[in-house]
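Computed from a prediction, not measured in an experiment: that's the story for all the values here.
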Amino acid sequence: MSHDHGAGGHHPGELSDGEVRARALESLFREKGYIKGNVVDEIIDTYTHDIGPLNGARAVAKAWVDPDYRERLLADATSALKELGIGGLQGEHMVAVPNTNEVHNVVVCTLCSCYPWPVLGLPPRWYKDAPYRARVVREPRKVLAEFGTTLPAETNIQVWDSSAEVRYLVVPQRPAGTEGLSEEDLVPLITRDSMIGVTLPSVPSEAVAK
C-alpha cells in the first residue's frame, strides 16, 4: 500500500525521526542562505513525477515484452538499466529479482533506508520506518497481507536486504489478460510498491479491455 500501513502504527500526520531531522536541516540551510526559493520542493517533485518510479516501470515493462532485455536485466541489472538511460547516485549497483509462480520477492533495508532513487524515485515513508524494516524479515507473509497482498501458502517469500553497495528491483509477473497491451500501455500498471514487492501490479479493467 502506498500509504501508512498497519505495521508501523503511525498516524497519517506523524513525521518520522528522519523527516523531523530533514525539516530541521532544511530550516537551518534556509537561515544560512544555502538554499533559496522552492529548490527542495522542485527536487522532490522531479523525483516523484519525472524520475521515479517511472524509470523502474519502464524497465519492467520492457522486460515483460522483450525476452532478450529481461535476460539482460536479470543477469546485470545495472547495465540493463543504463541501456534505458537509468542510473546514477544510489543506483550504481542494482540487482533485479523476478517474481514467479513459486517465488515472491520483497525488498527492505534493515539497517537504514537504502533505496534506488534513480529507479524508484522517492522512498515511501513506511519503507524507512523501523517496524517495517524489522517485521518484514520476521513475518513477511503477515506484513504483505497488511498491504493487501495475500499469497498462496506454497509461495516462497524471499526478502532482500538492500545496502549501500547493492539495491534491488523486484520484477513482478506480468498480469494475466494484458497480453494485448503494448510496452507503453503496460508502464502505468507497474507501481512503485510492486517493484519493492509489497503489492502486485495493478490491472485496470479499461486497460485489459483494449
What are the two closest non-hydrogen atoms of [X] and [Y], and how far apart are they?
{"X": "L186", "Y": "A61", "result": "CB-CB, 4.1 Å"}
{"X": "Q173", "Y": "N101", "result": "NE2-OD1, 3.0 Å"}
{"X": "V198", "Y": "L144", "result": "CA-CD2, 3.5 Å"}
{"X": "T78", "Y": "E92", "result": "CG2-O, 2.8 Å"}
{"X": "A96", "Y": "L73", "result": "CB-O, 3.6 Å"}
{"X": "C114", "Y": "Y127", "result": "O-OH, 2.8 Å"}

Could you tell me whether a side-chain N or O of [X] sits under 3.5 Å from a main-chain N or O of [Y], the two making a donor and an acceptor?
{"X": "R167", "Y": "Y115", "answer": "yes"}
{"X": "N105", "Y": "V170", "answer": "no"}
{"X": "R58", "Y": "L84", "answer": "yes"}
{"X": "S202", "Y": "L189", "answer": "yes"}
{"X": "T199", "Y": "S194", "answer": "yes"}
{"X": "S79", "Y": "D76", "answer": "no"}
{"X": "R141", "Y": "P152", "answer": "yes"}
{"X": "E71", "Y": "Y69", "answer": "no"}

Given the rule that I, L, V, M, F, W and Y join up when any side-chain heavy atoms are under 4.5 Å apart, are [X] and [Y] in one cluster?
{"X": "L111", "Y": "V108", "result": "no"}
{"X": "V137", "Y": "V106", "result": "yes"}
{"X": "V60", "Y": "L200", "result": "no"}

How long is the span from the [atom1] atom in [X] to the [atom2] atom in [Y], to the nearest 0.5 Å?
{"X": "E146", "Y": "R135", "atom1": "CD", "atom2": "CZ", "value": "4.0 Å"}
{"X": "H104", "Y": "N156", "atom1": "NE2", "atom2": "CG", "value": "11.0 Å"}
{"X": "C112", "Y": "R133", "atom1": "SG", "atom2": "CZ", "value": "7.0 Å"}
{"X": "K62", "Y": "E183", "atom1": "NZ", "atom2": "CD", "value": "5.0 Å"}
{"X": "W64", "Y": "T178", "atom1": "CH2", "atom2": "OG1", "value": "6.5 Å"}
{"X": "L169", "Y": "M195", "atom1": "CG", "atom2": "CE", "value": "6.5 Å"}

Plane angle bin for W126 and F147 - parallel if under 30°, tilted between 30 and 60°, otherwise perpendicular:
perpendicular

Using the side-chain contact (heavy atoms from CB on, under 4.5 Å) rule, take L122 and W117 through it: C-alpha gap first, then chi angles, then the decisive distance, then the call.
CA-CA 6 Å; L122 293 175; W117 286 48; 3.4 Å; yes

Non-hydrogen side-chain atoms of P123 and S113 separated by less than 4.5 Å
no

E179 CD: over 12 foreign heavy atoms closer than 6.0 Å:
yes

The test is side-chain contact (heavy atoms from CB on, under 4.5 Å); show your working for Q158 and V97 and say whether it passes.
CA-CA 10 Å; Q158 292 188 346; V97 288; over 6 Å; no

Quick one: do D161 and V159 satisfy side-chain contact (heavy atoms from CB on, under 4.5 Å)? Show the steps, please.
CA-CA 7 Å; D161 193 0; V159 181; over 6 Å; no

